[in-house]
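For reference, the structure is listed below as structure tokens.
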Amino acid sequence: MSSPSPPAEKSTVLVFGAGNFGSCLADHLGDSSHKVYMWSRSEELVKHFNQCHRNLEVLKDHAFSESITAVGPEFPSAELIQNMDVLLFAIPTEGVRETLTSLKPTLNESKLPLLIFVNKGVEIKTRALTLEIIADTCGPAVAKAATFISGPSFATESDDPIGVELAGALKNVYAIAAGMAAGLGFENNTRAMLITRGLAEMTRIGTAYGASPLTFLTLAGVGDLFLTCSSSNSRNFTVGFRLGKGEKLDYIIKTLGSVAEGVTTAKGLKAIVDELGVVAPIASGVYDVLYEGRAVSERANELLSLPSIRELDLSVEGGKPAKRLMEKLGVEADA
């Protein structure tokens with residue numbers, strides 16, 4: 001199987017997903033004179049977009065680039081896929097395995113396109129990161145050639161793609177916690193505490209998983225965490241804020257208008273934390289509110305009354321999940 005070639009200056013791109021992020025990326029690529037196809041499962045959205053260059057579901061008032069063509073609801077054909085320079089996946093993590101399973105038979109193994117993934121999450125049932133899902137469905141060669149975007153950084157520019165993936169996924173859970181605190185009326189001091197302790201938890205989890213602790217001090221780690229926990233534009237922060245105001249999760253999800261990956265990631269993260277035996281009270285607290293019916297105010301008070309712990313109490317042993325993934329990729333783990 002050949003490695004994907006760098007895309008030409010003007011590329012042909014297929015974006016999987018027509019939600020907020022997928023639509024924004026497609027529009028930016030279209031404005032940059034690339035030829036863009038955007039796949040959606042909604043027949044109504046596809047027809048309306050191609051007629052009016054407007055998205056029925058998100059960014060409804062925005063006029064999209066004329067160089068974007070919507071395709072679907074059927075899965076893109078092998079002919080279309082094999083003529084693409086870039087495949088860009090902007091779908092929730094829970095949908096990645098199904099999409100890649102459909103994609104695998106259409107790939108021309110002698111001429112792979114560049115595969116880029118922008119989702120940030122953990123698959124609930126398997127606790128798998130996207131890199132592992134790619135290996136499971138498309139094989140290790142495709143997984144090793146994949147590119148990940150997390151925060152303002154590319155994982156291909158890092159020697160720790162597992163850490164970059166974890167940082168991008170986990171920060172969404174801590175953004176929900178920050179939103180809950182804001183919804184309850186706590187102010188900046190509490191948010192600063194949550195970001196600081198959230199970063200410590202992310203680093204402990206990542207190190208026990210097999211990632212480098214230094215990755216969590218980069219833009220993909222603390223940079224993305226700080227932004228997501230501090231912005232009302234964050235979907236995950238918004239979920240937490242509305243929970244803090246007393247709204248029910250089902251109603252929030254129904255009316256949010258887009259996917260907040262932190263909600264599903266919290267369930268996968270709970271399983272990872274239990275498996276690794278990591279102390280992660282904030283992540284556990286978010287899980288309790290989302291899935292165990294605990295009251296936001298009650299769980300917040302419990303967290304605020306916890307005694308101080310060593311913020312950088314990193315795991316000396318561990319890394320079993322990362323080692324399993326490296327075995328799937330056919331890569332020898334560092335001793």
Side-chain angles (χ1 to χ4, degrees), residues 15-22 24-25 88-101 103 115-138 143 146-151 153-155 160-179 198 201-202 205-206 209-211 215-216 220-221 224-225 227-229 234-240 249 252-253 256-276 278 280 282-284 286-287 289-291 321-322 325:
V15 178
F16 288 86
N20 272 314
F21 204 7
C24 287
L25 291 170
L88 195 160
F89 298 85
I91 55 179
T93 303
E94 286 298 306
V96 169
R97 188 177 295 273
E98 178 185 356
T99 300
L100 292 183
T101 299
L103 175 71
L115 277 68
I116 302 176
F117 295 82
V118 301
N119 57 297
K120 301 174 181 179
V122 176
E123 191 175 45
I124 294 175
K125 185 177 180 180
T126 65
R127 306 190 296 278
L129 298 174
T130 300
L131 184 60
E132 185 170 0
I133 299 172
I134 302 169
D136 288 343
T137 54
C138 296
T147 297
F148 302 87
I149 302 178
S150 185
S153 65
F154 287 85
D160 184 24
I162 293 175
V164 171
E165 267 212 82
L166 276 172
L170 303 191
K171 57 90 181 176
N172 289 327
V173 177
Y174 295 96
I176 293 176
E201 279 194 20
M202 287 170 55
I205 295 166
Y209 195 99
T215 300
F216 296 89
D224 207 4
L225 175 68
L227 176 64
T228 310
C229 290
S234 162
R235 290 164 289 178
N236 295 286
F237 181 93
T238 299
V239 169
L249 180 62
I252 296 171
I253 297 301
L256 189 63
S258 56
V259 175
E261 289 231 60
V263 175
T264 53
T265 297
K267 183 177 284 188
L269 176 58
K270 179 63 163 58
I272 290 173
V273 167
D274 289 346
E275 177 188 355
L276 298 176
V278 176
I282 300 174
S284 298
V286 172
Y287 174 86
V289 171
L290 295 178
Y291 295 106
L325 177 51

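Everything numeric here is computed off the predicted structure, so don't read it as measured data.
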Quick one: are [X] and [Y] in side-chain contact, heavy atoms under 4.5 Å?
| X | Y | value |
| --- | --- | --- |
| I162 | D160 | yes |
| Y174 | L225 | yes |
| I205 | V273 | yes |
| T265 | V173 | yes |
| V164 | F216 | no |
| Y209 | I272 | yes |
| I91 | N119 | no |

The criterion is side chain to side chain donor-acceptor pair (under 3.5 Å); which residues satisfy it with [X], sequence neighbours excluded?
| X | answer |
| --- | --- |
| T126 | E123 |
| N236 | N172 |
| E98 | none |

Closest non-hydrogen atom pair, [X] against [Y]:
| X | Y | value |
| --- | --- | --- |
| G22 | V15 | O-CG1, 3.8 Å |
| E275 | P321 | OE2-CG, 4.4 Å |
| A211 | G163 | CB-CA, 3.5 Å |
| A167 | A220 | CB-O, 3.4 Å |
| V239 | A260 | CG2-CB, 3.7 Å |
| L166 | G206 | CD1-CA, 3.9 Å |

*For E261, all residues meeting salt bridge (charged side-chain N to carboxylate O under 4.0 Å, His left out), sequence neighbours excluded*: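 E261 satisfies salt bridge (charged side-chain N to carboxylate O under 4.0 Å, His left out) with no other residue.
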*Just jot down the salt bridge (charged side-chain N to carboxylate O under 4.0 Å, His left out) partners of E132, sequence neighbours excluded, or say none.*
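E132 satisfies salt bridge (charged side-chain N to carboxylate O under 4.0 Å, His left out) with K328 only.
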*asked:* Once rounded to the nearest 0.5 Å, what's the spacing between atom NZ of K270 and atom OG of S284?
replied: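 Rounded to the nearest 0.5 Å, the NZ-OG separation comes to 5.5 Å.
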_Spacing of CZ belonging to R97 relative to CD1 belonging to I133, to within rounding of 0.5 Å_ =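 Those atoms lie 5.0 Å apart.
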*With sequence neighbours left out, write down each residue that passes ring pair (Phe, Tyr, Trp, His ring centres under 6.0 Å) with F117, or none if nothing qualifies.*
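F117: ring pair (Phe, Tyr, Trp, His ring centres under 6.0 Å) contacts with F89, F148.
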*asked:* Does Y287 form a side-chain contact (heavy atoms from CB on, under 4.5 Å) with L269? I'd like the steps, not just the answer.
replied: CA-CA 9 Å; Y287 174 86; L269 176 58; over 6 Å; no
*side-chain contact (heavy atoms from CB on, under 4.5 Å) between E165 and T130, intermediate numbers included*: CA-CA 8 Å; E165 267 212 82; T130 300; 3.1 Å; yes
Sub-3.5 Å donor-acceptor pair from the side chain of [X] to the main-chain atoms of [Y], do we have one?
| X | Y | value |
| --- | --- | --- |
| E94 | T264 | no |
| R235 | V259 | yes |
| T93 | G121 | yes |

*Please name the residue in the list I116, V118, L115 that meets the side chain to side chain contact (heavy atoms under 4.5 Å, CB included) test with T147.*
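Looking at I116, V118, L115, the match for T147 under the side chain to side chain contact (heavy atoms under 4.5 Å, CB included) is I116.
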